[in-house]
There are 2 protein chains.
Amino acid sequence: MDVLQRLGQNIRRLRRARGLAQEKFALQFGIDRTYVSGIERGARNPTVTVVQRFADALDVPIAELFAEIE
Amino acid sequence: MDVLQRLGQNIRRLRRARGLAQEKFALQFGIDRTYVSGIERGARNPTVTVVQRFADALDVPIAELFAEIE
DNA sequence: TTGTGACTGATAGTCCGTG
DNA sequence: GCACGGACTATCAGTCACA
């Protein structure tokens, strides 16, 4: 399992758990909507600071976004 | 504590725990020594795939590189 | 043994749109 | 509600000489 896909799946899972659409989520935290899409699909390779912004937006420690999927 | 500095300190700590100088570590894993230096100092903002390479080199899960420092 | 500034090609990240 | 594309600018990847 690729690290980018794992990251994307974790972000998608946590975002949906909060009942937020991609666009609403993106607007709310100043991230581009198409970029959120690309990251959730594992098609993008974001920098650490961007991953940190996702962690802040989702209110979880950054390490949790890299957690293994059972 | 900035996420980049935390990342850098974790990498440095784990590298030294393995008794490796930056240069030896860098050579061994095909990373430039000065690039290792920049990341350990928190002066660089690497992408996820680069962080994954460090995790592989140090033989730890990527999440561990983002662990909080006590 | 490591820190640092400067550099070039590659890609991160934004903004516009479509089905 | 989301995937995907094109075009664009800012920043990163990777390397070097030097201290």
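We name chains A, B, ... by the order of the sequence lines, and we start the count at 1 in each one.
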When the rotation axes relating C1' atoms of four end pairs to the next four are compared across the helix from C/dT2-D/dA19 to C/dG19-D/dC2, five pairs an end, they differ to 10° by 40°

Rounded to the nearest 0.5 angstrom, the CG-CZ distance for B/Leu65 and B/Arg13 is 9.0 Å

What residues 13-27 of chain A contributes to the DNA chain D interface at heavy-atom separation below 4.0 Å is A/Arg15, A/Ala21, A/Gln22

First and last nt of DNA chain D near chain A, cut-off under 4.0 Å to heavy atoms, 5' to 3', are D/dC2 to D/dC12

Applied to residues 55-66 of chain B, the side-chain hydrogen bond (donor to acceptor under 3.5 Å, both in side chains) test, sequence neighbours excluded, yields B/Gln52-B/Asp56

So the salt bridge (Lys or Arg N to Asp or Glu O under 4.0 Å) pairs with at least one residue in residues 22-39 of chain A (sequence neighbours excluded) are none

Taken to the nearest 0.5 Å, the spacing of A/Leu7 CG from A/Met1 CE works out to 10.0 Å

Note: contacts of residues 44-57 of chain A with DNA chain C (heavy atom, under 4.0 Å) are A/Arg44, A/Asn45, A/Pro46, A/Thr47, A/Val50

* Asked: Is A/Arg53 reaching over with its side chain to a backbone N or O of A/Gly30, donor-acceptor style, under 3.5 angstrom?
  -> yes

Heavy atoms of B/Ala55 and B/Pro61 approach each other most closely as CB-C, 4.3 Å

For B/Asp2, the side chain to side chain contact (heavy atoms under 4.5 Å, CB included) test, sequence neighbours excluded, returns B/Leu4, B/Gln5

Contacts of A/Arg18 meeting side chain to side chain contact (heavy atoms under 4.5 Å, CB included) (sequence neighbours excluded), chain-then-number -> A/Leu14, A/Leu20, A/Leu58, A/Val60

Closest non-hydrogen contact found for B/Ile62 with B/Val48 is CD1-O, 4.1 Å

Single-linkage hydrophobic cluster, 4.5 Å side-chain cutoff, B/Leu27 and B/Val50 together:
no

Here the ring-ring contact (aromatic ring centres under 6.0 Å, His included) pairs for residues 48-67 of chain A, sequence neighbours left out, are A/Phe25-A/Phe54, A/Phe66-B/Phe66

Note: contacts of residues 28-37 of chain A with DNA chain C (heavy atom, under 4.0 Å) are A/Asp32, A/Arg33, A/Thr34, A/Tyr35

Tabulate below the donor-acceptor pairs under 3.5 Å that side-chain atoms of residues 35-44 of chain A make, not counting sequence neighbours, or state none.
unit_1	atom_1	unit_2	atom_2	d
A/Ser37	OG	A/Arg41	NE	3.2
A/Ser37	OG	A/Arg41	NH2	3.2
A/Glu40	OE1	A/Arg12	NE	2.7
A/Glu40	OE1	A/Arg12	NH2	3.2
A/Glu40	OE1	A/Arg15	NH2	2.9
A/Glu40	OE1	A/Gln22	NE2	3.2
A/Glu40	OE2	A/Arg15	NE	2.6
A/Glu40	OE2	A/Arg15	NH2	3.4
A/Arg41	NE	A/Ser37	O	3.3

| task | Would you confirm whether A/Asn45, through its side chain, and B/Thr49, through its main-chain N or O, come within 3.5 Å as a donor-acceptor pair? | result | yes

5'-most to 3'-most nt of DNA chain C touching chain A (<4.0 Å, heavy-atom partner on protein side) reads C/dA12 to C/dG17

